[in-house]
Amino acid sequence: MNKARIIRLMVLVCWVVLFSCSVKYNDTIDQKVENLLEEMTLEEKVGQMAQITLDVIGKGDDRYNSYEPFLIDTAMLRKAIVAYHVGSILNTTNNYALSPDKWNEIIGFIQQVAMEESRLKIPVVYGIDAIHGVTYTDGATIFPQQITLAATFNPVHAYNMARVAAYETRASGIPWNFSPVLDLGADPRFSRQFEGFGEDPYLIGMMGEQMMLGYEGITDSISSPYKVATCVKHFLGYSVPASGKDRTPAYIPENMLREYHLEPFKKAIAAGTESVMINSGIINGVSSHASYELITKILKEELGFEGVVVSDWMDIINLHTRDKIAIDNKEAVKLAVNAGIDMSMIPYEYEQFCKDLIALVKEGEVKESRVDDAVRRILKMKMKLGLWENPVTKIEDYPEFASEKSSQEAYDAAAEAITLLKNENQILPLSKSASVLVTGPNANSMRVLNGGWSYSWRVEKTDRYAQQYNTILEAIQHEIGEVNVQYVPGVSYVETGNYYEDKEDRFEEAIRQAKKVDVVILCLGENSYSEKPGDLNDLTLSRNQLNLAKEITKAGKPVILVLNEGRPRCIREIEPSMAAVVQIYFPGNYGGDALADILFGDVNPSGKLPYTYPSYPNSLVTYYHKSAEEQKRAEGAYIYESDYNPQYEFGYGLSYTNFEYSNLRISSKTITGNKTVEIFVDITNSGSRSGKEVVILYTSDLYASITPDVKRLRRFTKIELDPGQKKTVKFELNARDLAFVTPDGKWLTEPGDFEIKTGSLKQVIKYE
Ligand code: BGC
């Protein structure tokens, strides 16, 4: 037998062994779940479906706020866990990060009560939003936000972040993570755009899949003490409300819901996510939490999802208080549980949830079999996580917590994401002997580098926790020495209640200083925010910041605009007078260092925009729009401001070197049946520096029965080339890649011509 056959045989044997082990493993888990379920009273089952927030069991004046430092109120804990059988707890307390030891102590005590004092000794499953590293553990490795990872166009970074976050979440005693966000970032007004992977469904799916694998494991399973159960969110269509504001109604036709929003979730479910969180909003007038169609029909039946469906924060009671489709809490519980919700993130008035659900079952309004189905899913996740064997962890068993390797990976992700959007006369990279003024509200704060969900939900405590990392100013000072760096804020952020504004801060001095230096590094953008506090009335960059930019350019020195923002704020008024523009998104704790390395040439930028950067707040069109969006201004015609006019296109990003695309070739001019065609293109680094290039393959359906998108991203890869080096990139496509969803919700590839495009090269291929 030759070597290749022996290897194939060995792989087959391993596969059979693994498969039969996993069948047995799952059989035993299923059996154990059934045995446990049989012993449970209705009250115990309902309790498993209840999730409360940590403050509810903390010492404090009421259940909404606990004292600092956090202490468990044992009476409240016993009431929840022993009397009401509550199955899950989430979140941090009072909005601040805890040390791993404190987490272990809190969760250790919760588990002790659950496993020693409750009748059936079922462990609690603790859940958290560790969405870009372990956001609520002091000292953990904080990565860039997902939007920043998307800009790398390199899924390895998504995998690395999730692998490290899984390890460090478990090190904090927590086994369940409400991540990744797979929402379609198609509307830049939406306050949570930075939590996702941008506007393209394929990119979201590829990054999301790697994040899933990083969290749950490629070869090992979530019973590993280094892995966590994921929770993909927010199913479905959360990110495109008509008003652009969080948790307001969206109107999405079924074909769009399926073609653009559903695909990334499908991938994550196929990759085995353990749980799914439901969209907090309303689609086509139907609250998602009450949608049987969405939760049971599509998610559970059509996609075959067997894991836990968890509500979002207060979203069952919201059916009554906000959406007015339930006359009281009881009716809200009935609608949501019957729609298919398995666990309610209540998170405060759990007694009411439990009482109402018990009554509903007794009255026959909710079938006990529905409750059994929910509890089966929850117990199964708990068993797969190995919570009976390892209810809590010890930080001593996690020597790699916040390791240098993890910090390096967080830095690498930021460095590969930062996107160079303009570089007039090759002003960048700057000389390290240049004298610079660093100015703007984002120049000297760790909070702005991290964005929402960093040490605290609204991030107002980030600067306290992240002192040891470098702000942009500090990183530039380290890079070129303090003597050459002047700092005047010009504009600063001020807190106003739950929101923030900006105000002038030594404005005139900033302008005066600009005259005295070689270059101005102007750091503008947004302060950080989470969810509703991030709602916006105007996507344009703030007036104070625009004024600072306008006035500072009058000093006559080149201005490098650094954009540090969770969504693209319109900069049309100032962009033409900037010598260079660099987008850093929310790059995390190492973002300042990565930026300094790019500005001064230690790193060659290679990020690309994962969304369309709009010029105007009234022209918010994704790159995959219809050609009717591109009706050009025509002289004498009644078309005035109708042309497609983004500030920067999706996928745009410059390098300090040049890449030339040549020799696009396709293995066959036609695609038929299930056949795959191969597409090759040569990329040459024709500049004088090594660099990385994202090669993107688009297709355009030239004519179709419903108006086709002008183009769609179908494949991408990232390659590295030395000066003068050439590489051939190969992509494969099949008929399914050319399909769209018809108005009645079916995938269809129509015969006809399709353009294949990469760089500025194009070829036509026929589907027969
Ligand atoms: C958010 C979710 C989050 C949950 C728990 C909600 O307000 O929408 O994304 O997982 O809170 O913190």
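Numbering of ligands and ligand atoms starts at 1, following listing order. Along the sequence shown, residues are numbered consecutively beginning with 1.
The contact set between ligand 1 and K233, taken as ligand atoms under 4.0 Å from a residue heavy atom, comprises 2 (C), 3 (C), 9 (O), 10 (O). Interface of W313 with ligand 1, defined as ligand atoms under 4.0 Å from a residue heavy atom, comprises 6 (C), 7 (O), 11 (O). Set against the non-hydrogen atoms of D129, the atoms of ligand 1 under 4.0 Å away are 3 (C), 5 (C), 10 (O), 12 (O).
W103 contributes a side-chain N or O that, together with a main-chain N or O of Y136, makes up a donor-acceptor pair within less than 3.5 Å. At distances below 3.5 Å, at least one donor-acceptor pair connects side-chain atoms of Q111 with backbone N or O atoms of P391.
Between R258 and E254 there is a salt bridge, since at least one side-chain N of the basic residue sits less than 4.0 Å from a carboxylate O of the acidic one.
For the 3.5 Å distance criterion, the side chains of E301 and T296 fail to qualify, holding no donor opposite an acceptor.
Below 3.5 Å of separation, one finds no N or O of W453 facing any N or O of ligand 1. Of the N or O atoms in D312, one or more lie within a sub-3.5 Å distance of an N or O in ligand 1.
Contact check for W176 versus S88: side-chain heavy atoms found under the 4.5 Å cut-off.
Just one residue in the list Y226, Y215, F401 forms a ring-ring contact (aromatic ring centres under 6.0 Å, His included) with Y167, and that residue is Y226.
Assignment of M314 to the shell around ligand 1 is not supported, since no heavy atom sits closer than 4.0 Å.
In this structure, of M277, R247, H234, E531, the residue bringing a heavy atom nearest to atom 9 (O) of ligand 1 is H234.
Using a 4.0 Å cut-off between heavy atoms, R192 contacts ligand 1 through its side chain alone, with no backbone atom that close. Only the side chain of L90 comes within contact range of ligand 1, with a heavy atom under 4.0 Å; no backbone atom does.
Taking the six-membered ring for Trp, F194 and Y529 have ring centres closer than 6.0 Å.
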